[in-house]
Number of protein chains: 2
Amino acid sequence: MATIRDVAKLAGVSVATISRFLNKNGYVNEETKLRVEQAIKTLQYEPNAMARGLAGRKTGTIALIFPDITNPFFAELARAVEDVARMYGYTVILCNSDNQADKEQTYIRVLKQRYVDGILFASYSLRSDDVDALNNEKIPFIMLDRAPRETSCTVVSSKHLEGAQQAVQHLLDEGCTKIAHIYGPQDTVTGRERFMGYEQSVKHFPWYSPSLVEPGYFRVDGGMEAVENLMKRHPDIDGIFAGNDTMAVGALKKLQRMGVRVPDQVALCGFDGIDLTVIVEPEITTVAQSIYDMGMLSTRLLIKKIEGDNSEDQTHLFDVKLIPRESTRRKRKE
Amino acid sequence: MATIRDVAKLAGVSVATISRFLNKNGYVNEETKLRVEQAIKTLQYEPNAMARGLAGRKTGTIALIFPDITNPFFAELARAVEDVARMYGYTVILCNSDNQADKEQTYIRVLKQRYVDGILFASYSLRSDDVDALNNEKIPFIMLDRAPRETSCTVVSSKHLEGAQQAVQHLLDEGCTKIAHIYGPQDTVTGRERFMGYEQSVKHFPWYSPSLVEPGYFRVDGGMEAVENLMKRHPDIDGIFAGNDTMAVGALKKLQRMGVRVPDQVALCGFDGIDLTVIVEPEITTVAQSIYDMGMLSTRLLIKKIEGDNSEDQTHLFDVKLIPRESTRRKRKE
DNA sequence: AAACGATGTGTAACCGGTTACCTATTTCAT
DNA sequence: ATGAAATAGGTAACCGGTTACACATCGTTT
């Protein structure tokens, strides 16, 4: 493989000129440019990213740390991140943390060694002091759906609380008179805020009871189990708001197995807007997040930071949108 | 950040000794080792991967090129690859090709620049001469489900043909008397071999007709459309073998919409064994590939190659396994 | 006693870029 | 006419590792 010195020799200039040409900084005469271009072409020269990284402390690499690529939500996010990164000439490193703090720590260490230019976090186990550490080391990073207390950093998230309220309101509008909630892990912002949204929307109703909520761990089987418990306690439930789509899918499955008709007997609404919701029958009403857009924005923000943007850290909140589908389309009482 | 020279100074030895210690090659006195260890700890020294890569031409990075991370099959594959890679101290770069040759070309160029140690291909647009080029440049790589003609390389794949035959046989065993096939892209090995398996299994039946097959493009909507066309042409179809699970899910959806009972009226079988098949109701019978295992094996093979294994290129064929589920559980005629 | 291999460590070149600093010429405003 | 600014490009140090080679010591073999 040709090196920059080979090119310099062939073009009859110094390496500095080649470097200036490549990086488009400093002055290079037009004629010289042509000669350099020619030399690069004949030698099929490709600058070595390793050397570049070492000398310039830029690797053109960003890391994406999240729980599990197998989860459709994160897969879509990853897709957006990779698309944008490629557009800007960056490469994406994939890190599955399984929400385990130690894995995350290892990743951070390894990524530092590898001089990644920035990190995108969509994982929940990060502690506040880890965030501080990153800040101190001046590694640009963005948090998705997670705002560490007290430390300033850029956060990209959705209006979970508002979305949850919309979901419950929608169920009420469809005529539901007793609405349960399957909630996600309460150590996540998403799980917590959606729970709160539900609670705030229903607590003033006479039918409300704390036994109308059940954990579902953001998983399909969790949703199934939750439904079973809920229906056992309250056979007269006629609406369920699941804290995410995965649990909603599980809920639907269990309801169908139990012979409960959706939406006539029980209406069901999820949260996230992943494709799974339109794959099942009936299709599930959901509060859609702009997953792809969130991925795009966070990547753009990260790259901006990497490339020297020093503006204040900000929290970006995305609107969510209720998408009514069959799982809540109830025949109205006249 | 501390460098190797800082460590050397503190430990009172030369950089060579530190390097030898770190890489466990060459002799280092036991007492010296202790001093070096101590120095590394006090300075919180982390070797710089960039410098290592430049000097040693090893980056500890492998790339995974496939169509789309959003596809559950590839997501699971990616998960396996990342898990194994992490175990061996490698980092995974994510590349979505969308099966576009130009994107793949760009990736290969970029990845070469970045000195990835090896590449895992699960994308289909690669041409034979591209493979040759990789071979010439001595970049270790593995192909998943794709054997380029004439060039030798390591391939990891499944017994698609056999699996397809199993699927059809299973439908026959369940009493189906007219079986259609929704096929995937014929420029993919997977699509082609499964089609062939179907054809070979049914062509000798009197009911067989070429109009019993319909393309579904490996997509949900493709599966839906295919079912519509098939049922229009042959309302008496009582079994469908879909070339992958995604299309099977689409087929199920359309059948349900059309009011066709699954499995009583039409039995349905997919291929791949992704989670989607147990999320829908009824759960879909499928020919499961060992997706995770395939990912693990190919990553192991790749890393072996990277670390100097020169043994002959081989083709590894995984067994597939039919998993009977509700979508084919028909009441037998006595 | 000489020769040899194993052990232990240091020196310095090298990997392939970037860039601070320097020199030289040309342009242009005062 | 003159000095500042813009243009053009070269030299060499530097990024932080790896490793070939040299050298020294010590135990073992012949």
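Convention: sequence-line order gives letters A, B, ...; per-chain numbering from 1. Reckoned from all heavy atoms, side chains included, excluding hydrogens, waters and symmetry mates.
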With a 3.5 Å distance limit and no angle check, can you tell me whether A:Thr299 reaches the backbone of A:Ala85 through a side-chain donor-acceptor pair? no
side-chain hydrogen bond (donor to acceptor under 3.5 Å, both in side chains) test vs A:Tyr88 passes for just one of A:Arg300, A:Glu307, A:Lys304, namely A:Arg300
By nearest heavy atom, map A:Ala55 and B:Ala55 onto DNA chain C; which one lands nearer the 5' end? B:Ala55
Using atom types as modelled and distance alone, determine if a side-chain donor or acceptor of A:Asn71 lies under 3.5 Å from a backbone N or O of A:Phe73. yes
Look at B:Arg86 together with B:Glu82 and state whether they make a salt bridge at an N to O cut-off of under 4.0 Å. yes
Between B:Thr59 and B:Tyr115, is there a donor-acceptor pair closer than 3.5 Å when you use the side chain of the first and the backbone of the second? yes
Any salt bridge linking A:Arg79 with B:Asp68? Criterion: basic side-chain nitrogen under 4.0 Å from a carboxylate oxygen. yes
Can a salt bridge be assigned to the pair B:Asp313 and B:Lys305 using a cut-off of 4.0 Å between side-chain N and carboxylate O? yes
Does any N or O in the side chain of B:Arg114 come within less than 3.5 Å of the main-chain N or O of A:Gly60, such that one atom is a donor and the other an acceptor? yes
If each of B:Ala51 and B:Glu30 is mapped to the nucleotide of DNA chain C with the nearest heavy atom, which maps nearer the 5' terminus, i.e. the 5' end? B:Glu30
Considering all heavy atoms, the nearest B:Val13-B:Ile18 contact: CG2-CD1, 3.7 Å
Nucleic acid contacts of residues 16-28 of chain A, taken as heavy-atom distances under 4.0 Å to DNA chain D: A:Ala16, A:Thr17, A:Arg20, A:Tyr27, A:Val28
Contact boundaries of DNA chain D with chain A (under 4.0 Å, heavy atoms), 5' to 3'? D:dA6 to D:dG16
Can you run through DNA chain D from 5' to 3' and write each base as (, ), [, ], | or . depending on how it pairs? Watson-Crick or G-U wobble, both distances under 3.5 Å. ||||||||||||||||||||||||||||||
So, B:Lys103 and A:Asp83, do they make that salt bridge, N to O below 4.0 Å? no
Check the distance between C:dT11's P and B:Lys9's NZ and give it to me in whole angstrom. 13 Å
